[in-house]
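Working notes, beginning with the structure itself.
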2 protein chains.
Amino acid sequence: MAKPTIKDIAKECNVSLSTVSLVLNNNPRISEKTRTKVLEAVARHGYQPNVHARGLASRSSQAISVVVPNVNHIFADIYFGEIVSGIYERASDQGYKVLLDIANKQFIQTKEYLSLLKSKRVDGLLFIAASLKDDYLKDFVGEPCFISVNHYFPDTELNYIAVDYEDSARQAANHLMELGHKKIGLIAGTNTYTGLALRDAFIKECVSHGLSESDVPWVEGGDRWSQEEGYEAAGKLLKDHPDITAVMGGNDRLAIGAMAYAASQDIDVPGQLSVMGVDDIPAARFSNPSLTTVQHRLYDLGVLACERLINIFKGEIGQCHEVLPVDLVVRESTGPAKTA
Amino acid sequence: MAKPTIKDIAKECNVSLSTVSLVLNNNPRISEKTRTKVLEAVARHGYQPNVHARGLASRSSQAISVVVPNVNHIFADIYFGEIVSGIYERASDQGYKVLLDIANKQFIQTKEYLSLLKSKRVDGLLFIAASLKDDYLKDFVGEPCFISVNHYFPDTELNYIAVDYEDSARQAANHLMELGHKKIGLIAGTNTYTGLALRDAFIKECVSHGLSESDVPWVEGGDRWSQEEGYEAAGKLLKDHPDITAVMGGNDRLAIGAMAYAASQDIDVPGQLSVMGVDDIPAARFSNPSLTTVQHRLYDLGVLACERLINIFKGEIGQCHEVLPVDLVVRESTGPAKTA
DNA sequence: CCCCTTTGTTTAATCGCTTGACTTGCAATG
DNA sequence: CATTGCAAGTCAAGCGATTAAACAAAGGGG
C-alpha cells in the first residue's frame, strides 16, 4: 500500500480514526491492549503521520529556525558550529526539527524571519550572535517565540541567552592584576554589544582595582575577530604603549594573533608579555605557548538556548534573559609581570 | 485581526477562496485587475499562507533536508560550510527551505532519513559526504528524492554529484611528473570512496607514465584528514622512503601538515621536497610556501546539488550521476625535482 | 441569431490529522 | 435498585489551503 494514512491503520485495527491518533499522541485514555495493537500495525506498515495534516490540526510545526549571520565561511568559525550542534542536540531529543537560515539581504528585506512564524513554518526562532547593526531584530520585541543567542540589545525586552561576557572580562582582569600587571593592553571587537560589554567591564574592573584608564589602553580588533586582525592590533598596541606587560584579546583568535606578533618581534610570552583570550577554542590548547583564556561552553549554550525556547512554547516561562557562567583556564601564556 | 487566512482575504476582495489561491500561485487565468486587488489586500494584512494547509493540499513541503556527518566540530571544516552555503543559496532562491540534520546514531537507527520523506516533512534529501561504512544509504536505491553529495557508492544506482577526484589525481600526478619527480609519496585518506578513487587514480596515472608502483608509495592519512595526521604521515613516508622528492596529500590539510613536518626537519619546500594537496581551502593560499593544489569549487557543488534535486522534483531529470571539473592551481610549494 | 470558444471565476471535494463533546458499558455507591 | 462515576472509545467539526470540474459572460464565425 502506498503511503498508508491514519485511516488505513484504523481500519486494520477495527478502531476509530481518533483512537489511532490518541495512541500516537500518547493519550492515557487508551487501554494498553488497543495501544499495542495499534502500535504494531503502525510498525508493520512503517506508518508516519503526515506532518502537514498534523501541523494544520494542531497549529504547531514542531520545528524551529536557527538563523546565522551572513558571513563568508561562516562555519569556518568553530563558534557557530558548536552552538548549532548544541541546538540540534536538544531540538532533536525534544522532537523538534531544525531549519537553517542565513540572515542574508533577501532574508532580512523580505522579513522572512516574520513570515516563518506567520506561515507556521516554525514555532520559534533562535538568532545566533547578530551584530550591532542588526536592529531589525527589534521586530521581535514582545514576540515570545524568539531568543537571541549570545547577543543582546541593551534597553529592549528582547529575549536573550548568552555567556557572561562581563564576568569573563572581570575574571581575566583579575587574573592579570593578580600576576602583578599594571599596564594592560586590550584588543577589543566592537561590532557586537557583547564585545562592547567585554571591553567596558574589563576597563571598569581594572579601574576599580586602582589602575587608571590610561593604564588600560585598547585598540579596535576588527570586524572578523580573526588572528590576522589580532596580529595587526598587537603591533599597534605595542607601538603606542611599549610599556604594557600584558595583552588581553577579545577572543582567542585575536589573542593567538597577538602571540604571533610577539613571536615575530622576539618578545617572549609570557616572560616579557602575558597574553590571554576568551572562548577556549581548541586551538587555544595547542598554541605555543598554550593560551590562558576564559572558557565559554558554546555547545551548552546552544543546548540551553533551545531548551528555553521550548520552555516558552510550553508556557513554562514567559521570557528569557539568561547569562551562563564562565571559567578561567590558566595555561602557559600568562605569567608574573616583568619587573621594570 | 489575528493571523488572517485566505478566507479573510477573499471576503475583503469579494472574490472566492480559490481566486485568492490562484493569484497566490500565479495562475495565468486570473485577470490583472483581480490579481492586483488581491495582492494589495495580501500586502495590507501581511498575509502569509499557512504552510501546513498548503503542504497538505499540494502534497509537497517545499523543503529539503541537508544531512551532514556526525563529526565533532563538523563545521570547523570549511568543507561542509561551503557546500551547505551553496545549497542554501539555490534552495532559497527556488523557494525551498533547508532543514539541517546530523547523521548521528539516533538519526540512523530510527531511519529518520526515511521518516522525513514519509511524513512529507521534506521533499528530498541531500547527504553530504558520508564515509565507507554508511551503507544504510542503500535504503535510497531507487528513491529519486535523494542525492549523495561529493560521495558515491560504486556498483549502486544511487544518485550522486561530486567533484572529479579521479581527474584531480591525474592533474596532480601529471603536474609532479612534468616537474621531473620520479618517486612520489602519497598521503591518502581511505575512509571514503572518493579518497580511495583519488589514491588509485593517482597511482594508475603515475604507472601509465612509466613509474612503477613502488615509485609511488602511499601511507594512510587517517580518518580526520587533518593537519596533525598529515604531519605524522609525512614523517612515516620520509622515514620509509627517504628518496622521494614529492609528497601528494589527499587534501590540503594533510598537505599542510606534511609541509609542517618538512619545516620541522629543515627540509626545504620546494627546493628539496615538493608538496601539493587537493581542495584549495583558503589556508592553502596563505601557507608558507603557498600550496599548489587542485581546486574544488565546493560552493558551486552545493548549488548544483540542490539544483539537480529540484530538477528531479520537477521531473526534468530522472536521475543524477554527475561529476564537476577541477582545476590545477600552481603555487610555490612545488618545483623541479632535485637532481640526485 | 445561434452555437461554440475563450476567459475569468466559483463550487465543492479533498488533503490527513487533532480534539472537545458525547456515548457506552460496567463497577461502585448510597 | 436506581444513580453515579469512570474508563475506553467514537463522532464530527474543524484546521487552511489546492485543484478538478462546472459555470457564466463575452466575443466570433457562419
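Below, chains carry the letters A, B, ... as their sequence lines are ordered, and counting in each starts from 1.
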To the nearest angstrom, how far is [X] atom [atom1] from [N] atom [atom2]?
X	N	atom1	atom2	answer
L56(B)	dG14(D)	CG	P	17 Å
K118(B)	dG16(C)	NZ	P	16 Å
Q48(A)	dC17(C)	CD	C1'	14 Å
R54(B)	dG16(D)	CZ	C1'	11 Å
E32(B)	dT7(C)	CD	P	15 Å
K3(B)	dA17(D)	NZ	P	11 Å
I9(A)	dT18(C)	CD1	P	13 Å
H52(A)	dG16(D)	NE2	P	15 Å

Earlier contact from the 5' end, DNA chain C, for I30(B) and A53(B): I30(B)
Pairwise 5' ranking along DNA chain C for S16(B) and R59(B), keeping only the more 5' one: S16(B)
Distance-only donor-acceptor test (3.5 Å): side chain R29(A), base dG9(D): yes
Base of dC11(D) paired with side chain of S18(A) (donor-acceptor, under 3.5 Å):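 For S18(A), whose side chain was compared with the base of dC11(D), there is a donor-acceptor pair (under 3.5 Å).
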Options dT19(C), dC15(D), dG16(D), nucleotide nearest the side-chain atoms of A57(A):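 Among dT19(C), dC15(D), dG16(D), the one nearest the side chain of A57(A) is dC15(D).
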Sugar-phosphate, base or nothing in reach of L24(B), heavy atoms under 4.0 Å: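 Since no nucleic acid heavy atom lies under 4.0 Å of L24(B), the category is nothing.
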Sugar-phosphate only, base, or nothing, as touched by V15(A) at under 4.0 Å among non-hydrogen atoms: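 Sugar-phosphate, no base atom in range.
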Whether T19(B) side chain and V15(B) backbone form a donor-acceptor pair below 3.5 Å: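 Absent.
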Under 4.0 Å between a side-chain N/O of [X] and OP1 or OP2 of [N], yes or no?
X	N	result
N50(A)	dC15(C)	no
T19(B)	dT9(C)	no
T34(A)	dG9(D)	yes
S31(A)	dG9(D)	yes

is_close_aromatic(Y136(B), Y113(B)), centroid dist under 6.0 Å: yes
Given DNA chain D, 5'-ward residue of the pair L17(A) and N25(B), judged by closest heavy atom: L17(A)
Check: N150(B)/Y165(B) side-chain N/O donor and acceptor closer than 3.5 Å: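 Yes, because at least one side-chain N or O of N150(B) sits under 3.5 Å from a partner of the opposite role on Y165(B).
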Residues K37(A) and E32(A) bridged, charged N to O under 4.0 Å: no
Greater than 12 external heavy atoms within 6.0 Å of E143(A)'s CD: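 Yes, enclosed.
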